[in-house]
Amino acid sequence: MEGAEVEYRAVLSLIYADMASDLDDVVIVFENSPSCISMASAITALLMARGKRVEAVPAAQFRNSARHALFLMGPYRDDLAEAVASLLPYVERVAILHTPAYYAVEELADFPKLIEGREVRYAVREDPGEITIYKVTAREGELKKSEVARRKLSATELKIIRRYEMLNST
């Protein structure tokens with residue numbers, strides 16, 4: 001893994017830790033890949049430093065219920081949507097999804113049924129220099145998506161993102 005990717009994963013970790021900052025306990029569910037493991041480690045440390053109860057569990061072993069979970073999975077697997085869908089039922093209240101995981105699972109026809117009774121959060125960079133955080137819920141098969149926050153990226157974070165994007169454009 002290049003240094004630019006490690007730094008990029010650190011920026012993502014800051015964002016995901018912010019998204020979980022209102023939760024007292026979080027299970028970090030991670031795929032067994034270098035990028036997901038690095039983010040899981042960073043997010044675990046950030047949340048622990050904030051006094052949160054955190055447990056890190058490989059996705060292949062996540063089979064117990066959790067009030068809140070943060071899923072670090074994808075995007076380099078063919079069955080990402082199905083993998084996320086198989087784990088969502090274990091989450092009781094809030095599931096925070098790594099952006100590729102959200103976009104994969106939302107394409108499933110039964111997505112509204114999958115998230116009924118729970119909140120799903122995800123983040124996306126729609127505008128340069130800022131991250132938009134969304135909350136998605138479902139009731140009686142109807143999805144409701146709302147913007148919950150916008151996070152301005154610092155000059156340092158923008159520089160890191162540009163370096164990472166340049167690394168991946170070649």
Legend entry - Transitive ILVMFWY side-chain link Y102 to I15, under 4.5 Å: no
Inset, instruction - Supply the atom-to-atom distance K144 NZ to R139 CZ, rounded to the nearest 0.5 angstrom. - result: 10.0 Å
Inset, instruction - Run the salt-bridge test on D22 and K52 with the 4.0 Å N-O cut-off and return the result as yes or no. - result: no
Legend entry - Parallel, tilted or perpendicular: rings of F71 and F62 (30°, 60°): perpendicular
Inset, instruction - Would you kindly say whether T132 and E147 are connected by a side-chain donor-acceptor distance under 3.5 Å? - result: no
Inset, instruction - Just say parallel, tilted or perpendicular for the rings of H98 and Y16, cut-offs at 30° and 60°. - result: perpendicular
Inset, instruction - Starting at CE of M48, measure out to CZ of R53 and round the result to the nearest 0.5 Å. - result: 12.5 Å
Legend entry - I37 vs F30 side-chain heavy atoms within contact, under 4.5 Å: yes
Inset, instruction - For A138 and P112, work out which heavy atoms get closest and say how close. - result: CB-O, 3.3 Å
Inset, instruction - Check whether more than 12 heavy atoms from other residues, nucleotides or ligands sit under 6.0 Å from atom NZ of K113, and answer yes or no. - result: no
Legend entry - Over 12 non-hydrogen atoms of neighbours within 6.0 angstrom of CD in E2: no
Legend entry - Hydrophobic cluster membership, L47 vs L12, 4.5 Å side-chain cutoff: yes
Legend entry - Same apolar cluster (I L V M F W Y, side chains within < 4.5 Å links), V11/I28: yes
Legend entry - Validation row: V120, E106 side chains within 4.5 angstrom (heavy atoms): no
Inset, instruction - Return yes when atom CE of M1 has more than 12 non-hydrogen atoms of other residues, nucleotides or ligands closer than 6.0 Å, and no otherwise. - result: yes
Legend entry - Any side-chain donor near an acceptor of the partner, Y164 and K159, under 3.5 Å: no
Inset, instruction - Report yes if some heavy atom in the side chain of M73 is under 4.5 Å from a heavy atom in the side chain of L87; otherwise report no. - result: yes
Inset, instruction - For the residue pair V54 and D25, establish whether any side-chain heavy-atom pair is separated by less than 4.5 Å. - result: no
Legend entry - Spacing of E116 atom CD and T137 atom OG1 [to the nearest 0.5 Å]: 9.0 Å
Legend entry - Joint cluster assignment, L88 & Y90, ILVMFWY side-chain distance < 4.5 Å: yes
Legend entry - ILVMFWY network linking L46 to Y8, side-chain heavy atoms under 4.5 angstrom: no
Legend entry - Salt bridge present between R163 and E7 (N-O < 4.0 angstrom): yes
Inset, instruction - For a side chain to side chain contact (heavy atoms under 4.5 Å, CB included) with L97, tell me which candidate from L72, V84, L70 qualifies. - result: V84
Inset, instruction - Nearest 0.5 Å please: distance from the CD atom of E157 over to the CZ atom of R151. - result: 4.0 Å
Legend entry - R93 side chain near E119 side chain, heavy-atom distance below 4.5 Å: no
Inset, instruction - Measure the shortest side-chain to side-chain distance between E55 and T44 over non-hydrogen atoms and say whether it is less than 4.5 angstrom. - result: no
Inset, instruction - For atom CG of D110, decide whether the heavy atoms of other residues, nucleotides or ligands shown that lie under 6.0 angstrom number more than 12. - result: yes
Legend entry - Spatial distance of atom CZ (R9) from atom OG (S38) [nearest 0.5 Å]: 6.5 Å
Legend entry - Non-hydrogen side-chain atoms of E130 and L153 separated by less than 4.5 Å: no
Legend entry - Sole residue of I133, I131, D127 in side chain to side chain contact (heavy atoms under 4.5 Å, CB included) with R150: D127
